[in-house]
2 protein chains.
Amino acid sequence: MKIRIPFKKQQFDAREEAIIDAVNRLLSEKGYDLMTMDDVADAVGIAKGSLYKHFSSKDKLAAAALIRLLNATMAELETLPDTMPEIEKIRHILTWSLKLRLEGGVPHLPSTSLTLQRSLMLNLEYITLALKMHKRFHAMVAKAREQGALTPLVPDDVLVYTLYSRACDPTVDFLLRDKRMSHEQIVTAMVHATLGGFLSEQARTAAQAAA
Amino acid sequence: MKIRIPFKKQQFDAREEAIIDAVNRLLSEKGYDLMTMDDVADAVGIAKGSLYKHFSSKDKLAAAALIRLLNATMAELETLPDTMPEIEKIRHILTWSLKLRLEGGVPHLPSTSLTLQRSLMLNLEYITLALKMHKRFHAMVAKAREQGALTPLVPDDVLVYTLYSRACDPTVDFLLRDKRMSHEQIVTAMVHATLGGFLSEQARTAAQAAA
DNA sequence: GTCTATATCAGGATAGAC
DNA sequence: GTCTATCCTGATATAGAC
């Protein structure tokens, strides 16, 4: 049973995607508080009034962008084979996040803005997804620890939160501004510097042998 | 030759200190963009009009707080004995920054806000100090590398910028919110996780022997 | 559903009395 | 130098024509 999607609807959805794209870029550039609805409207090329037909508030707009990001992250996790050691999954998702950020696609996380944080806490769809991802991350880290990859000196929570935070680390901004390292070099260095502090001796020698 | 400082002047200076204290707290809580002059005036307990007699703009206010922070950081560095291995100095200053942050004393760094960043770039006193500290950090990291403490896999710049960034890492906010770790535990874990990624094998085994 | 106003309000900065 | 009252810009959100 094939369902035809009306052209109008397609057009509408495409526009919404375009809006969220713009929001993503703007959020990563200016952050939530400095991003204005005028910015968004201009970037998409529509009037501000029209923008409000799609999203009833600035909150909703940012939430939509973050929800898309959460879904993308979950999808990326799905692509990883079950057989992959958990620490490699962690490395993969960290690398993926950093790359996304460098391409300008990733919002500065909610952590950046108190106002955004508060409004997100009232958004059921966002909370549900965020919680799901949080559990997923926790499970991944716990398994990595079972597999002996993590140092006992740092608790699980620290690594979980670091996975969220590193993609919006100002260090990356500074390195970008210097223009002395390529995107790829930045990612490699950041991943090494970030994970290096969490690895057990065992995992470290294993990683060294691999390299 | 003893110079008497007029009482009025003492009072004035004390008030300025109180203002900067409040700004520090507010900056660390809400960040630059969300901090309002009303907030500051209320926190200090004076009228907004009076506030402007002390600082002619919001920019200046934030700059004053950051300048005080830079000076405090330089002073802290001065206290360290020359004989101390550079990597230990690095560890010390990182620990110091994190503690300060946990006490609510440290502003979220300029990196947080684009607007603040831009206005700071026009503030000669700030730029001069920031550059001085930047050079100081760079020298410290370069020496640490000479002393064989750093891994060749991560460039100096990354560590330098990390020293700035880690004190405003959202990871710390998350850990604080959970209330599952004491301030001291948070500092220890963050320092280990942060520096762990930069150490050479040599430094790592040395650190392990020390512990 | 898109546009062009416009209502409304918050926040930075200033004026002017004391 | 402190206060109160006010100006003015910029930003969210809405109204109303097409």
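Each chain gets a letter, A, B and so on, in the order the sequences are listed, and its residues count up from 1. Keep in mind the model is a prediction, meaning the values are calculated, not measured.
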Exercise for review: Taking side-chain hydrogen bond (donor to acceptor under 3.5 Å, both in side chains) as the test, write out the residues that go with A/His192, two or more places apart.
Suggested key: none

Send over the distance from [X] [atom1] to [N] [atom2], rounded to a whole Å.
| X | N | atom1 | atom2 | value |
| --- | --- | --- | --- | --- |
| B/Leu61 | C/dG12 | CG | C1' | 12 Å |
| A/Leu51 | C/dT2 | CG | P | 10 Å |
| A/Lys30 | D/dG10 | NZ | P | 13 Å |
| A/Asp13 | C/dG1 | CG | P | 11 Å |
| B/Phe7 | D/dG1 | CZ | C1' | 15 Å |

Revision key, fill the gap. Once base and sugar-phosphate atoms are separated, protein heavy atoms under 4.0 Å mark nucleotides 11-18 of chain D, 5' to 3', with B, S and - as SBBB----

Point to revise | Side-chain N,O (B/Ser50) to OP1/OP2 (D/dG1) below 4.0 Å | key: no

Review point. Any side-chain N or O of B/Arg15 less than 4.0 Å from the OP1 or OP2 oxygen of D/dG1?
Key: no

Can you name the residues that form a side-chain contact (heavy atoms from CB on, under 4.5 Å) with [X], not counting sequence neighbours?
| X | result |
| --- | --- |
| A/Ser97 | A/Ala167 |
| B/Arg180 | A/Asp157, B/Asp178 |
| A/Glu88 | A/Met84, A/Pro85, A/Arg91 |

Exercise for review: State whether the number of non-hydrogen atoms from other residues, nucleotides or ligands found under 6.0 Å of A/Glu76 atom CD is greater than 12.
Suggested key: yes

Would you give me the side-chain donor-acceptor pairs under 3.5 Å for residues 59-74 of chain B, sequence neighbours excluded?
from	atom 1	to	atom 2	distance (Å)
B/Asp59	OD1	B/Tyr32	OH	2.7
B/Lys60	NZ	B/Ser56	OG	3.1
B/Arg68	NH1	B/Glu17	OE1	2.8
B/Arg68	NH1	B/Asp21	OD1	3.2
B/Arg68	NH2	B/Asp21	OD1	2.7
B/Asn71	ND2	B/Ile67	O	3.4
B/Thr73	OG1	B/Leu69	O	2.8

